[in-house]
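As structure tokens, the structure follows; a few thoughts come after it.
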Amino acid sequence: MLELFYTCVANLCKIMDERGTKIPDEQYHYIKKDDYNKCIYHKRDMDATERNVVVMKDADILIKICDSTGDFDDTSEYQLLIRLLKERTIIDDGGSRRLRQKRGS
């Protein structure tokens, strides 16, 4: 699931950058060429679940930026990320997003 989250976030970052929208410094790495391998395969200090949470939080930040402008509502990158967040995450009673539990767990 990490690869899917990462790809959706990176694709949205790239379209935002192409359209001249300021990407926060903390999320800017998604548009760099070698970031995928660095994030997916070379981050030994975090396990996959922790990396999923980081990418999910980055997605939340980007979605808020997109929602505030409405400039990306028509893009498949934005729509796919929204769909992924709806299907794979849940917002708890405190308003925080978390990963859904796997069925049978």
Side-chain angles (χ1 to χ4, degrees):
M1 185 164 56
L2 176 59
E3 291 91 348
L4 182 59
F5 262 123
Y6 179 92
T7 300
C8 286
V9 169
N11 287 344
L12 181 59
C13 277
K14 288 172 188 168
I15 196 83
M16 290 171 75
D17 187 57
E18 287 172 11
R19 291 188 177 189
T21 299
K22 170 84 171 93
I23 299 167
D25 291 341
E26 296 81 23
Q27 287 75 38
Y28 192 79
H29 65 92
Y30 287 102
I31 65 172
K32 294 184 179 176
K33 182 180 178 188
D34 295 329
D35 191 60
Y36 179 86
N37 285 334
K38 187 186 290 184
C39 182
I40 302 298
Y41 301 113
H42 298 292
K43 277 199 172 179
R44 304 272 185 227
D45 58 329
M46 287 190 246
D47 67 19
T49 301
E50 290 172 315
R51 286 181 280 170
N52 261 322
V53 170
V54 168
V55 175
M56 179 187 63
K57 288 180 179 181
D58 288 343
D60 259 345
I61 291 166
L62 297 172
I63 291 297
K64 286 177 184 164
I65 293 168
C66 291
D67 287 349
S68 71
T69 66
D71 293 342
F72 299 91
D73 293 352
D74 63 334
T75 65
S76 60
E77 293 83 0
Y78 172 80
Q79 294 299 324
L80 284 170
L81 186 54
I82 291 291
R83 181 176 174 196
L84 179 63
L85 289 172
K86 284 181 181 177
E87 291 178 0
R88 300 296 176 134
T89 66
I90 190 166
I91 297 178
D92 63 24
D93 294 337
S96 298
R97 187 179 300 277
R98 64 175 174 78
L99 295 171
R100 286 186 188 270
Q101 297 298 317
K102 293 180 181 177
R103 290 187 174 110
S105 295

Problem - Non-hydrogen atoms of Lys86 and Arg100 that approach each other most closely - result: O-NH2, 3.2 Å
Practice task
Please answer: with hydrophobic residues joined when any side-chain heavy atoms are less than 4.5 Å apart, are Ile31 and Tyr36 in the same cluster?
Solution key: yes
Handout entry: Inter-residue atom distance Glu18.CD - Ile15.CD1, 0.5 Å rounding
Key = 4.5 Å
Handout entry: Expected output: side-chain Arg88 to main-chain Phe5 donor-acceptor under 3.5 Å
Key = no
Problem - Distance-minimising heavy-atom pair for Asp71 and Arg19 - result: O-NH1, 2.7 Å
Practice task
Determine whether Val54 and Tyr41 fall in the same hydrophobic cluster, where Ile, Leu, Val, Met, Phe, Trp and Tyr are linked whenever their side-chain heavy atoms lie under 4.5 Å apart.
Solution key: no
Problem - Gln79 CD to Asp73 CG distance, which is reported to the nearest 0.5 Å - result: 7.0 Å
Problem - Verdict with supporting geometry, Glu26 and Ile61, side chain to side chain contact (heavy atoms under 4.5 Å, CB included) - result: CA-CA 10 Å; Glu26 296 81 23; Ile61 291 166; over 6 Å; no
Exercise for the section: Indicate the atoms forming the closest heavy-atom contact of Cys13 with Ile23, along with that distance. Expected result: O-CD1, 3.2 Å
Exercise for the section: Using modelled atom types only, decide if a donor and an acceptor are shared between the side chain of Glu77 and the backbone of Cys8 within a distance under 3.5 Å. Expected result: no
Handout entry: Gap between atom CE of Met56 and atom CG of Leu84 - 0.5 Å precision
Key = 10.5 Å
Exercise for the section: Starting at CG of Leu12, measure out to CG of Leu62 and round the result to the nearest 0.5 Å. Expected result: 5.5 Å
Handout entry: Polar side-chain atom of Thr89 near backbone of Leu85 as donor-acceptor pair, under 3.5 Å
Key = yes
Problem - Shared hydrophobic cluster for Leu80 and Met16 (ILVMFWY, side-chain gaps under 4.5 Å) - result: no
Practice task
Kindly say whether Cys39 contributes a backbone atom to a donor-acceptor pair with the side chain of Arg51 at under 3.5 angstrom?
Solution key: yes
Handout entry: Interatomic distance, Tyr30 atom OH to Asn11 atom CG [nearest 0.5 angstrom]
Key = 12.0 Å
Exercise for the section: Determine whether the side chains of Asp58 and Tyr6 contain a donor N or O and an acceptor N or O closer than 3.5 Å. Expected result: no
Problem - Any donor-acceptor pair under 3.5 Å from Ser68 side chain to Ile65 backbone - result: yes
Practice task
Verify the cluster assignment for Met1 and Ile40: are they in a single hydrophobic cluster under the rule of side-chain heavy atoms below 4.5 Å apart?
Solution key: yes
Problem - Approximate separation, where rounding is to 0.5 Å, of Thr21 OG1 and Phe72 CZ - result: 3.0 Å
Exercise for the section: Look at the side-chain heavy atoms of Ile, Leu, Val, Met, Phe, Trp and Tyr, link any pair under 4.5 Å apart, and say whether Met46 and Val53 land in one connected group. Expected result: no
